[in-house]
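Take a look at the structure below.
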Amino acid sequence: MLNPSKRSKNTLLFTALFCQVSAGMAADSAGVPQNLATTDTIPLFKRLPTLEKRIPRLPILEQFTPHERLTKLEQDIASQAGLTENPFQGRLTIKRDDLSSNQLGGNKARKLEFLIGQAKQNRATTLVTSGMWGSNHALATAVAAKQNGLKATMILGPQPLTENVRQKLLSMHTLGANLRFHSHLVGMGFDIAKYYIKAKFSGGNLYYIPSGGSSERGELGYVNAFLELSQQVGLEQLPERIVVPVGTMGTAAGLLVGSCIAGVFEKVQIVGIGIAMPLLSNERSARKEAKKLHRFIRNQVEKSDRVTIPDCDYDSEKAFSFVTQYYSPGYGAAKPVIFETIDRVNRLENIHLDRTYSGKAMQFIIDEFSASYQKKLRPPSTLFWLTYNSHDLNDFIDPYPWKNFAEKWRELPSSFWQLFSGELPLETNLDPSASE
Ligand SMILES: Cc1ncc(COP(=O)(O)O)c(C=O)c1O
């Protein structure tokens with residue numbers, strides 16, 4: 001049985017562990033692949049045509065995700081700051097990766113295009129990855145595995161228990177994923193290492209995906225995402241700032257490298273909001289991740305493309321900033337103000353945020369805009385990159401032929417039962433409808 005008093009400490013440690021393991025294992029050393037990409041040319045392959053020869057991609061996104069204004073929210077922030085009219089309208093927009101791909105939406109869809117592309121090329125039969133019990137990444141990987149006729153193994157570790165976490169576990173089960181329970185981080189780390197080594201010696205059969213899908217290949221999804229935005233709005237109309245939550249750092253690193261490759265480095269600042277343990281998910285590591293990704297791309301392309309990639313100083317403060325204040329009270333937990341923000345955005349814009357990632361990133365924007373409005377200053381034009389998939393999990397759970405509908409959880413491995421039986425209580429101070 002888990003000791004609830006140890007949970008927040010465990011969560012911190014787990015975050016450290018998963019980041020560390022991902023960072024250590026993320027290097028992509030695949031050989032020269034045959035091209036499995038579709039006939040559609042994505043912005044990344046348009047910009048660097050020789051990359052397409054080397055990087056297989058399985059299309060998941062059917063179209064560009066919407067780019068919209070958040071007019072009502074902007075007006076509401078202005079009213080709260082005491083402005084009857086908002087003289088600075090049009091400063092706040094959103095990139096809706098929540099709509100990237102129905103069941104498999106959120107930021108994972110973009111990463112998985114490249115990860116599953118390589119897994120299929122390697123003729124893998126099984127994907128293995130890791131995350132928290134309620135991991136968005138693990139769920140998205142389970143969906144992608146099912147859609148592509150692959151098996152999936154998920155190595156899952158502790159986080160604050162909510163109803164949403166339970167639903168994610170049931171959803172992964174309905175998708176046929178093999179779920180491996182861990183209540184402690186050390187055991188989980190060993191399990192990840194074991195599967196990583198297994199994958200290395202599996203002759204390609206087992207494909208290892210680091211936590212959060214943050215290997216260089218996965219991160220290409222966000223290099224492409226930046227180029228997609230540039231194509232969508234035009235280079236001259238890009239926002240001054242893009243705000244994005246940072247966990248395993250791949251999304252922010254991808255956007256930062258994207259801004260370099262698009263030729264607008266330092267014109268658009270990527271602002272990362274740290275939501276995971278600062279020891280390993282931090283500014284220095286994020287900058288390092290971007291440098292590694294930049295090198296990876298340079299090494300993959302032919303000379304004709306290489307000469308077109310600018311040199312960018314990834315230590316630049318103008319190009320990237322990292323905000324640490326929103327992490328507290330820890331991964332997967334949030335202060336009451338975050339729940340108010342989640343409700344506010346839902347009520348005004350009909351957009352669903354979560355408390356772990358997107359709620360905290362949005363809170364940063366609201367705080368910054370409020371401070372500007374109070375001083376009657378124009379805030380920088382800001383794009384909120386929504387990375388969360390708010391797809392209704394009941395779509396997975398309800399149609400499944402459970403043997404015992406009242407106690408569905410009994411079909412999960414018995415090690416998970418304590419998360420459903422009341423042995424480990426739900427986090428009652430947290431809004432149960434607010435997702436992981
Ligand atoms: C909804 C959501 N937003 C943001 C992130 C952070 O992305 P990254 O891990 O690439 O930093 C995650 C990652 O797990 C996520 O699930």
Side-chain angles (χ1 to χ4, degrees), residues 22 26 28 36-38 40-48 51-52 55-67 94-120 127 129 131 135-145 147-148 209-233 242-259 261-262 270 272 286 289-290 293 296-297 300 354 357-358 361 383-391:
S22 315
D28 190 322
L36 293 181
T38 56
D40 307 303
T41 304
I42 56 170
L44 176 63
F45 293 156
K46 245 192 216 163
R47 169 68 182 81
L48 300 171
L51 195 60
E52 191 169 9
I55 301 287
R57 168 182 164 260
L58 180 96
I60 294 175
L61 277 77
E62 280 159 20
Q63 52 200 12
F64 288 5
T65 59
H67 174 248
I94 185 169
K95 180 75 169 149
R96 303 235 10 214
D97 277 8
D98 55 327
L99 305 177
S100 57
S101 175
N102 201 12
Q103 291 189 336
L104 205 174
N107 61 343
K108 309 309 170 203
R110 292 189 185 273
K111 294 176 176 183
L112 285 165
E113 288 199 326
F114 294 96
L115 295 166
I116 307 282
Q118 194 191 25
K120 290 206 74 137
L127 306 175
T129 195
S135 165
N136 297 318
H137 162 68
L139 176 61
T141 305
V143 175
Q147 286 174 350
N148 288 284
I209 300 177
S211 292
S214 288
S215 66
E216 292 95 325
R217 267 174 208 268
E219 290 161 8
L220 287 177
Y222 271 87
V223 180
N224 181 56
F226 191 96
L227 296 168
E228 172 182 310
L229 177 71
S230 310
Q231 200 171 314
Q232 207 168 16
V233 305
I242 292 177
V243 176
V244 70
V246 177
T248 56
M249 302 172 287
T251 305
L255 290 173
L256 186 55
V257 174
S259 75
I261 289 178
I270 310 300
E289 197 66 25
L293 175 59
F296 173 79
I297 295 171
Q300 293 292 326
D354 70 300
Y357 299 97
S358 53
L383 181 144
F384 170 63
W385 207 299
L386 178 49
T387 47
Y388 180 61
N389 176 20
S390 51
H391 184 88

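Bear in mind that the values here come from a model prediction, so they are computed numbers and not experimental data. The chain is numbered in sequence order, starting from 1.
- The line from NZ of K120 to CG of L58 is 6.5 Å long, rounded to the nearest 0.5 Å.
- At a threshold of 4.5 Å between non-hydrogen side-chain atoms, the residues L229 and L383 count as touching.
- In this structure, L220 CG and L51 CG are separated by 6.0 Å, a value rounded to the nearest 0.5 Å.
- When all heavy atoms of S358 and P245 are compared, the pair lying nearest together is N-CG, 4.3 Å.
- One distance of note links CD of E289 with OG1 of T251; it measures 10.5 Å at 0.5 Å rounding.
- Checked options D354, N389, L386; the residue passing with D98 is L386 (criterion: side chain to side chain contact (heavy atoms under 4.5 Å, CB included)).
- In this structure, the side chain of R47 engages the main chain of I261 through a donor-acceptor pair within 3.5 Å.
- Under the 3.5 Å distance criterion, the side-chain polar atoms of T387 are left unmatched by any main-chain donor or acceptor of N107.
- For residues 246-256, no residue pair satisfies the salt bridge (charged side-chain N to carboxylate O under 4.0 Å, His left out) rule, not counting sequence neighbours.
- The distance from the NZ atom of K46 to the CG atom of L227 is 10.5 Å, given to the nearest 0.5 Å.
- Residue H67 holds its NE2 atom at 11.0 Å from CD of E228, rounded to the nearest 0.5 Å.
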Could you go through H137 and I209, starting from their C-alpha distance and side-chain angles, then the distance that decides it, and tell me whether this counts as side-chain contact (heavy atoms from CB on, under 4.5 Å)? CA-CA 10 Å; H137 162 68; I209 300 177; 3.7 Å; yes
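- In terms of heavy atoms, A262 sits closest to F226 at CB-CE2, 3.8 Å.
- In plain terms, the two heavy atoms of I270 and A252 that are nearest each other are CG2-O, 4.2 Å.
- In plain terms, the two heavy atoms of S211 and T248 that are nearest each other are O-CG2, 3.5 Å.
- At a threshold of 4.5 Å between non-hydrogen side-chain atoms, the residues T141 and K108 do not count as touching.
- Residues meeting the side-chain contact (heavy atoms from CB on, under 4.5 Å) test with A109, sequence neighbours left out: I60, L61, S100, S101, L104.
- For A290 against L256, the heavy-atom pair with the smallest separation is CB-CD2, 3.9 Å.
- Heavy-atom minimum distance, G213 versus K111: O-CD, 3.7 Å.
- Between M249 atom CE and L293 atom CG the span is 12.5 Å, to the nearest 0.5 Å.
- Judged as a side-chain contact (heavy atoms from CB on, under 4.5 Å), and not counting sequence neighbours, the contacts of D97 are T65, K95, R110, Y222, W385.
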Exercise for the section: Decide side-chain contact (heavy atoms from CB on, under 4.5 Å) for E219 and F114; before the verdict, give the C-alpha distance in whole Å, the side-chain angles of both, and the deciding distance to 0.1 Å. Expected result: CA-CA 8 Å; E219 290 161 8; F114 294 96; over 6 Å; no
